[in-house]
Asker: 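The structure follows.
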Amino acid sequence: MQFDSWQAFVAMGGHGLYVWLAYGVAVLSLVAGAMVQIRRRKSVLRNIRQHYNNESEV
Amino acid sequence: MWAWFHKLGSPRWFYRISDLCLPWLTVAGLLFLVVGVVWGLLFAPPDYKQGNSFRIFYLHVPTAVIALVGYYVMAIAGAVSLIWKMKLADIVMKEAAVIGALLTFLALFTGAVWGKPTWGTWWVWDARVTSMLILLFLYIGVIALNNAFTHPEQSGKACAVLSLVGTVNIPIIYKSVDWWYSLHQPATIKFTERSTIHPDMFWPFVVITVGFYVLYAVALMFNTQTAILEREYRTQWVRDKVQQ
């Protein structure tokens, strides 16, 4: 362990802003990307099911 | 060999195989990433010159490396779709563009945030940074070109040609820190000689990079599956799959 306290970990020796900005944006954009793709999958499945249902009604 | 090639080109076969791998790969990739990040943030020693800002390295280098490797994935898939008119390769090329653009953005962003405390500036128009920005525009170009056509089948050729032309940029990015004077430090991880990085700093990097590679594969497989469903919904196997 390189840090003595929680405060020291957050401060990152004065570079806290940069380290946490980089890690924060990386985590946010990766999670957002995953969520967009999961929603895309759901909407594709929904559209296909709807298409099949319409077909069977005709 | 050719039977294998044909199988690999079959969207149905790809869908089944990736369904089998995806749960395992997702868990493994996340595990590697979390272990590597905790290790890199808490246990790796600070850099003697850069202090703790060097911890951005653990995001910056893996995202940049996979952004470059991902470009080859896209370009090779583009070449395969041009030569053999393989539908699966066309899909992989377009999905690789989306993931590659996100990784390139992250490499540039983490680079800017690392540059501020280290170089005193967020941005420089030097060879490495500028050629990385061109990489981002190439990825976005492929995405935009694909969206410019109404049917995905029509945009394949144009996207593949753009991907292939853009490959000239990759060796330029890779070699830019050696060829031109730059603020960007030269590579510390080397394939042909000893790396100039301490092992205590190196191992978390290896673990995170493996995690990023695995999750890259997961994302590419998952998104390709979605695109297969979108394009193949008229086939019987998709019908069975969706309605089961």
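Note that the coordinates shown come from a computational prediction; the quantities given were computed from them, not determined experimentally.
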Asker: Looking at B:Arg239 and A:Glu55, is any side-chain nitrogen of the basic one under 4.0 Å from a carboxylate oxygen of the acidic one?
Answerer: yes
Asker: Please report the interatomic distance CD(B:Gln50) to OH(A:Tyr18), rounded to the nearest 0.5 Å.
Answerer: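 So the gap between those two atoms works out to 13.5 Å.
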Asker: Can you tell me if B:Phe32 has over 12 outside heavy atoms packed within less than 6.0 Å of its CZ?
Answerer: no
Asker: Looking at B:Glu230 and A:Arg46, is there a salt bridge between them, counting it only when a charged N and a carboxylate O are closer than 4.0 Å?
Answerer: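 So A:Arg46 does not pair with B:Glu230 through a salt bridge.
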Asker: Is it the case that B:Gln243 and A:Arg49 place a side-chain donor and acceptor less than 3.5 Å from each other?
Answerer: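 B:Gln243 vs A:Arg49: no donor-acceptor pair found between side chains.
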Asker: Might you confirm whether atom CH2 of B:Trp123 has over 12 heavy atoms from other residues, nucleotides or ligands at distances under 6.0 Å?
Answerer: yes
Asker: By a 4.5 Å heavy-atom criterion (distance strictly below it), what part of B:Phe57 contacts chain A: side chain, backbone, both, or neither?
Answerer: neither
Asker: Is A:Phe9 close to chain B through its backbone or its side chain, or both, or neither, when contacts mean heavy atoms under 4.5 Å?
Answerer: side chain
Asker: Indicate the atoms forming the closest heavy-atom contact of B:Pro46 with A:Gln2, along with that distance.
Answerer: CD-OE1, 3.4 Å
Asker: Atom CD1 in B:Ile99, atom CG in A:Leu30: separation rounded to 0.5 Å?
Answerer: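 Spacing of CD1 (B:Ile99) from CG (A:Leu30) equals 11.0 Å.
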Asker: Which region of B:Phe43, side chain (C-beta onward) or backbone (N, CA, C, O), has a non-hydrogen atom less than 4.5 Å from a non-hydrogen atom of chain A, or is it both or neither?
Answerer: both
Asker: What part of B:Glu232 is in contact with chain A, defined as an atom under 4.5 angstrom from a non-hydrogen atom: side chain, backbone, both or neither?
Answerer: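 Neither part.
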Asker: Hey, does the side chain of A:Arg41 reach the backbone of B:Ala227 with a donor-acceptor pair shorter than 3.5 angstrom?
Answerer: no
Asker: Does atom CZ of A:Arg40 have more than 12 heavy-atom neighbours from other groups under 6.0 Å away?
Answerer: yes
Asker: At a heavy-atom separation under 4.5 Å, does A:Leu21 approach chain B through its side chain, its backbone, both, or neither?
Answerer: both
Asker: Counting only heavy atoms not in B:Trp119, do more than 12 sit closer than 6.0 Å to its CH2 atom?
Answerer: yes
Asker: In terms of heavy-atom pairs under 4.5 Å, which option from A:Gly14, A:Ser29, A:Gly33 contacts chain B the most?
Answerer: A:Ser29
Asker: Which atoms form the tightest heavy-atom contact between B:Thr235 and A:Tyr52, and what is the distance?
Answerer: O-OH, 4.4 Å
Asker: Measure B:Leu41 against the heavy atoms of chain A and call it side chain, backbone, both or neither at under 4.5 Å.
Answerer: both
Asker: Which atoms of A:Val19 come close to chain B, meaning under 4.5 Å heavy atom to heavy atom: side chain ones, backbone ones, both, or neither?
Answerer: both
Asker: What heavy-atom pair brings B:Thr110 and A:Ala22 nearest, and what distance separates the two atoms?
Answerer: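 Closest approach of B:Thr110 to A:Ala22, heavy atoms only: CG2-CB, 4.1 Å.
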Asker: Which atoms of B:Leu102 are under 4.5 Å from chain A, going by heavy atoms: the side chain, the backbone, both sets, or neither?
Answerer: side chain
Asker: Any idea which of A:Ala11, A:Ala26, A:Ala34, A:Gly13 has the most non-hydrogen atom pairs under 4.5 angstrom with chain B?
Answerer: A:Ala26
Asker: To the nearest 0.5 Å, what is the distance between CG on A:Leu45 and CG on B:Leu229?
Answerer: 5.5 Å
Asker: Using heavy-atom distances under 4.5 Å, tell me whether B:Val98 contacts chain A through its side chain, its backbone, both, or neither.
Answerer: side chain
Asker: Please state whether the side chain, the backbone, both or neither of B:Leu106 comes within less than 4.5 Å of a heavy atom of chain A.
Answerer: side chain
Asker: How long is the straight-line distance from OG1 of B:Thr118 back to NE2 of A:His15, given to the nearest 0.5 Å?
Answerer: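 Nearest 0.5 Å value for the NE2-OG1 distance: 6.5 Å.
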